[in-house]
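First the proteins, then the strands, lettered A, B, ... as listed; each starts at 1.
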There are 2 protein chains.
Amino acid sequence: MNVTPESRVKRATIEDVAKLAGVSRQTVSRAVNDKAEIDAETKRRVLDAARSLNYRPSRFARGLIRQDTTTLGLIISDIGNPFFPELASGVLRAAQARDWQVVLYDTGEDPEREVLALSTLAAQADVGAGFLTSPEVFAHAERLGVPFAVLDPGWDAGAAPGVGIDIAGGVRLAVRHLAAAGHRRIGMIDGAAGPHDKRRTSFLAVAEELRLDVGEDDVQSAPRSVEGGAEAIGVLRARKPEITAVFAYNDILAVGAVRGLKAAGVRVPEDFAVVGFDGLPLGELVEPPITSVYVDIRRMGELAVAAAAELLAGRTPEPVVVSPELRVRGSA
Amino acid sequence: MNVTPESRVKRATIEDVAKLAGVSRQTVSRAVNDKAEIDAETKRRVLDAARSLNYRPSRFARGLIRQDTTTLGLIISDIGNPFFPELASGVLRAAQARDWQVVLYDTGEDPEREVLALSTLAAQADVGAGFLTSPEVFAHAERLGVPFAVLDPGWDAGAAPGVGIDIAGGVRLAVRHLAAAGHRRIGMIDGAAGPHDKRRTSFLAVAEELRLDVGEDDVQSAPRSVEGGAEAIGVLRARKPEITAVFAYNDILAVGAVRGLKAAGVRVPEDFAVVGFDGLPLGELVEPPITSVYVDIRRMGELAVAAAAELLAGRTPEPVVVSPELRVRGSA
DNA sequence: TTGTACGCGTTATCAT
DNA sequence: ATGATAACGCGTACAA
């Protein structure tokens with residue numbers, strides 16, 4: 001007499017409805033799909049039967065026949081980070097325009113979960129898009145045979161199809177802006193998973209290029225949260241009190257930095273300048289608003305869907321690179 | 001080398017692989033599914049064939065056989081509103097725990113798009129959950145026969161299964177807090193779609209109960225955005241300069257109100273108090289931080305999935321109501 | 001207008 | 001270890 005808690009109620013099939021209505025499956029099909037060649041009275045009877053049995057056509061059986069539903073699997077790192085809803089927004093819009101379904105996977109930036117998500121995605125979706133933490137994970141996607149559009153490779157994506165960001169260019173804008181304001185000792189709050197992140201390497205490269213007084217240990221890693229940013233700025237200043245500006249991996253960290261500075265009684269931007277990356281709307285709400293390297297994230301989402309569509313058609317998508325621009329607001 | 005012909009639109013089937021590897025379909029199935037009873041050499045050959053044909057099993061055919069994949073359709077109003085990522089986070093977590101897929105529909109709070117989303121959802125998912133703007137839209141879900149867990153009915157959900165919020169209780173907390181601080185002339189910024197929203201009606205009811213100097217026209221509707229809030233507070237104060245506090249439909253609007261007030265040179269909370277609803281993390285970042293009626297949104301998401309699971313099992317989920325609590329921060 | 005028969009791509013069962 | 005055959009639930013020529 002034991003029934004498993006998770007036991008799914010077995011759904012009625014088209015056959016059941018046919019039997020109850022005293023017609024053939026074909027007639028049921030006609031009724032539920034609103035086909036023309038059917039008697040009004042019969043249709044009503046069939047629909048009643050369907051309703052009383054709580055009948056819904058199986059999406060699997062139906063999908064088998066008409067290959068017209070496309071599903072995109074979207075992999076993001078953390079939906080709690082405002083960056084990703086913004087991206088999802090673009091993806092959703094583009095997907096809706098194409099009448100695609102979007103299934104969402106949140107990996108928490110954990111490589112293992114990414115691989116897992118990729119595997120389920122391969123089984124449940126026609127094509128994938130999103131953020132992966134490393135080339136190795138992307139290799140897994142290739143191994144599975146899922147067409148996948150890589151987004152924002154902080155690592156070097158090489159020939160991987162997808163949408164890139166001109167991170168080096170963006171970082172250059174940020175550091176140049178700080179240097180132009182007279183800052184020579186600049187720190188960085190790094191939020192990258194690995195040490196080979198482009199934001200980090202670009203930062204160091206540009207600093208060297210501009211002959212700034214910046215070294216490896218002026219880069220402080222932090223978890224990507226407001227608290228992480230606040231803490232990191234403290235560490236940075238304790239280690240090197242002479243720094244007068246900081247470049248943050250993203251706007252969340254920048255907000256945290258500003259918050260940490262204010263808590264320490266440091267005025268922004270008068271005493272200390274902060275530049276973020278991403279240009280999230282969020283950055284405008286805080287005081288002072290965050291000067292940031294703006295990236296059109298929604299557009300990235302749309303481009304990702306376009307790339308996925310190409311992949312699906314068996315073509316190789318044109319490489320696309322989104323160019324950031326500097327949005328000077330209050331913090332630097 | 002290994003060039004995939006562009007002409008091939010259709011995906012390779014198990015049959016194709018079988019033919020190429022010179023085995024039966026069954027053997028291919030064994031190989032790709034990692035079954036035991038297969039020769040290592042054969043397996044390798046089959047896998048090679050599969051790879052070269054870019055073979056991936058059809059999720060439809062597979063789903064037809066093993067009824068073990070559950071898909072939840074999540075309907076949200078606007079992923080650009082930080083409330084919804086928060087909710088999605090809870091849903092995603094609970095779904096992942098059950099090994100469910102989550103497909104996302106953003107309706108932009110447009111009833112027509114809600115109905116549309118519901119229809120697609122009915123065809124693509126096993127069960128739905130989310131926000132619907134009206135009882136009529138929910139009725140459509142019932143008509144379609146999709147089990148659906150209704151979230152946060154700002155309208156009276158009656159017997160509809162899902163997760164409720166004790167909105168009246170939350171509003172009471174907010175207004176009481178303002179009244180206790182001596183405010184008697186309180187406005188409201190309404191972000192509801194319709195006029196019968198619980199936040200609005202509760203606000204008026206509590207105000208009357210506390211014999212405050214509040215009338216129907218102290219409620220100003222606004223689009224749910226920061227700008228909307230800023231504008232609304234202006235309208236409200238222009239119409240009735242004596243008001244000293246405002247209750248906002250949600251935190252976004254509250255942030256907007258604060259911003260509008262500051263722009264007008266009004267100090268918060270010294271000259272004017274603002275209370276929001278939702279208790280988003282965002283509210284802590286602005287200056288002053290938003291005092292708000294906190295709702296455990298992620299938990300709501302998890303409860304929604306639980307309710308959906310009940311529905312799927314053919315049971316009627318226990319009615320659940322989430323109780324908000326007041327989080328006093330800086331703005332009131 | 002209605003019913004019959006077959007195919008969609010996969011896996012399970014049973015036989016070899 | 002491998003293969004033949006039968007489902008799974010639905011749509012659609014084709015026949016009645």
Side-chain angles (χ1 to χ4, degrees), chain A residues 8-47 49-50 53-71 120 122-126 144-146, chain B residues 8-50 53-71 122-126 144-146:
Chain A
R8 185 99 47 83
V9 101
K10 65 175 160 48
R11 273 159 55 161
T13 76
I14 198 173
E15 189 75 39
D16 301 328
V17 179
K19 225 164 262 167
L20 181 61
V23 297
S24 75
R25 302 189 314 202
Q26 169 65 328
T27 304
V28 177
S29 177
R30 278 197 264 263
V32 303
N33 291 344
D34 242 23
K35 294 287 181 185
E37 306 112 338
I38 185 173
D39 184 82
E41 162 61 19
T42 312
K43 181 169 179 177
R44 205 188 49 70
R45 216 173 64 238
V46 170
L47 257 31
L53 287 179
N54 222 311
Y55 166 74
R56 283 195 301 146
S58 149
R59 68 170 180 284
F60 297 116
R62 180 172 273 178
L64 211 47
I65 300 287
R66 342 197 298 209
Q67 332 260 84
D68 55 358
T69 51
T70 304
T71 300
T120 14
Q124 308 289 351
D126 300 300
L144 288 166
V146 217
Chain B
R8 174 177 282 242
V9 213
K10 280 183 58 120
R11 269 163 53 164
T13 78
I14 198 172
E15 188 77 38
D16 300 328
V17 179
K19 226 164 261 168
L20 182 62
V23 298
S24 73
R25 299 183 309 200
Q26 183 54 256
T27 303
V28 176
S29 176
R30 278 196 265 262
V32 303
N33 291 342
D34 240 26
K35 294 288 183 184
E37 307 113 335
I38 184 173
D39 184 82
E41 160 62 18
T42 312
K43 182 169 178 176
R44 205 189 48 69
R45 216 175 64 239
V46 170
L47 256 31
D48 278 354
L53 288 180
N54 222 311
Y55 166 73
R56 282 194 303 145
S58 148
R59 66 172 181 281
F60 297 117
R62 180 174 274 179
L64 210 47
I65 298 289
R66 352 193 293 209
Q67 332 254 86
D68 55 359
T69 50
T70 304
T71 300
Q124 307 289 351
D126 300 299
L144 287 167
V146 218

Would you say [N] has OP1 or OP2 under 4.0 Å from some side-chain N or O of [X]?
X: A/Thr27; N: C/dT1; value: no
X: A/Ser58; N: D/dC8; value: no
X: B/Arg66; N: C/dT10; value: no
X: B/Ser24; N: D/dG3; value: yes

Selected nucleotide, minimal atom distance to [X] side chain, candidates [options]:
X: A/Arg30; options: C/dT11, D/dG11, C/dT2; result: C/dT2
X: A/Val23; options: C/dG9, C/dG3, D/dC10; result: C/dG3
X: B/Thr13; options: C/dT11, D/dG9, C/dG9; result: C/dG9
X: A/Asn33; options: C/dT2, C/dT10, D/dG11; result: D/dG11

Looking across every strand, which nucleic acid part, if any, lies under 4.0 Å from [X] by heavy atom: base, sugar-phosphate, or nothing?
X: A/Arg59; result: nothing
X: A/Ser29; result: base
X: B/Ile38; result: sugar-phosphate

Quick one: [X] [atom1] to [N] [atom2], roughly how many Å, whole number?
X: B/Ile65; N: D/dC8; atom1: CD1; atom2: C1'; answer: 5 Å
X: B/Arg45; N: D/dA1; atom1: CZ; atom2: C1'; answer: 12 Å
X: A/Arg62; N: C/dT10; atom1: CZ; atom2: P; answer: 21 Å
X: A/Tyr55; N: D/dG11; atom1: OH; atom2: P; answer: 6 Å
X: B/Leu64; N: D/dA7; atom1: CG; atom2: P; answer: 14 Å
X: A/Ile14; N: C/dG3; atom1: CD1; atom2: C1'; answer: 13 Å
X: A/Leu53; N: D/dC10; atom1: CG; atom2: P; answer: 12 Å
X: A/Phe60; N: D/dG11; atom1: CZ; atom2: C1'; answer: 17 Å

Of A/Leu47, A/Val17, A/Thr42, the residue whose pairing with A/Val28 passes side chain to side chain contact (heavy atoms under 4.5 Å, CB included):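 Passing option: A/Val17.
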Assess whether a salt bridge exists between A/Arg59 and B/Asp126, defined as any Lys/Arg side-chain N lying under 4.0 Å from an Asp/Glu carboxylate O.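 So A/Arg59 pairs with B/Asp126 through a salt bridge.
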Determine, for B/Lys43 against B/Asp34, whether the closest basic-nitrogen to carboxylate-oxygen distance falls under 4.0 angstrom.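 Result for this pair is yes, salt bridge flagged.
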Any side-chain heavy-atom pair of [X] and [Y] under 4.5 Å:
X: B/Ile65; Y: A/Phe60; value: no
X: B/Ser58; Y: B/Thr13; value: no
X: A/Arg30; Y: A/Asp39; value: no

Does the D/dG11 base have a donor-acceptor partner in the side chain of A/Arg25 within less than 3.5 Å?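 Indeed there is one.
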Report yes or no: is there a donor-acceptor pair, N or O only, under 3.5 Å between the side chain of B/Gln26 and the base of C/dT13?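 It does, because a donor-acceptor pair links the side chain of B/Gln26 to the base of C/dT13 below 3.5 Å.
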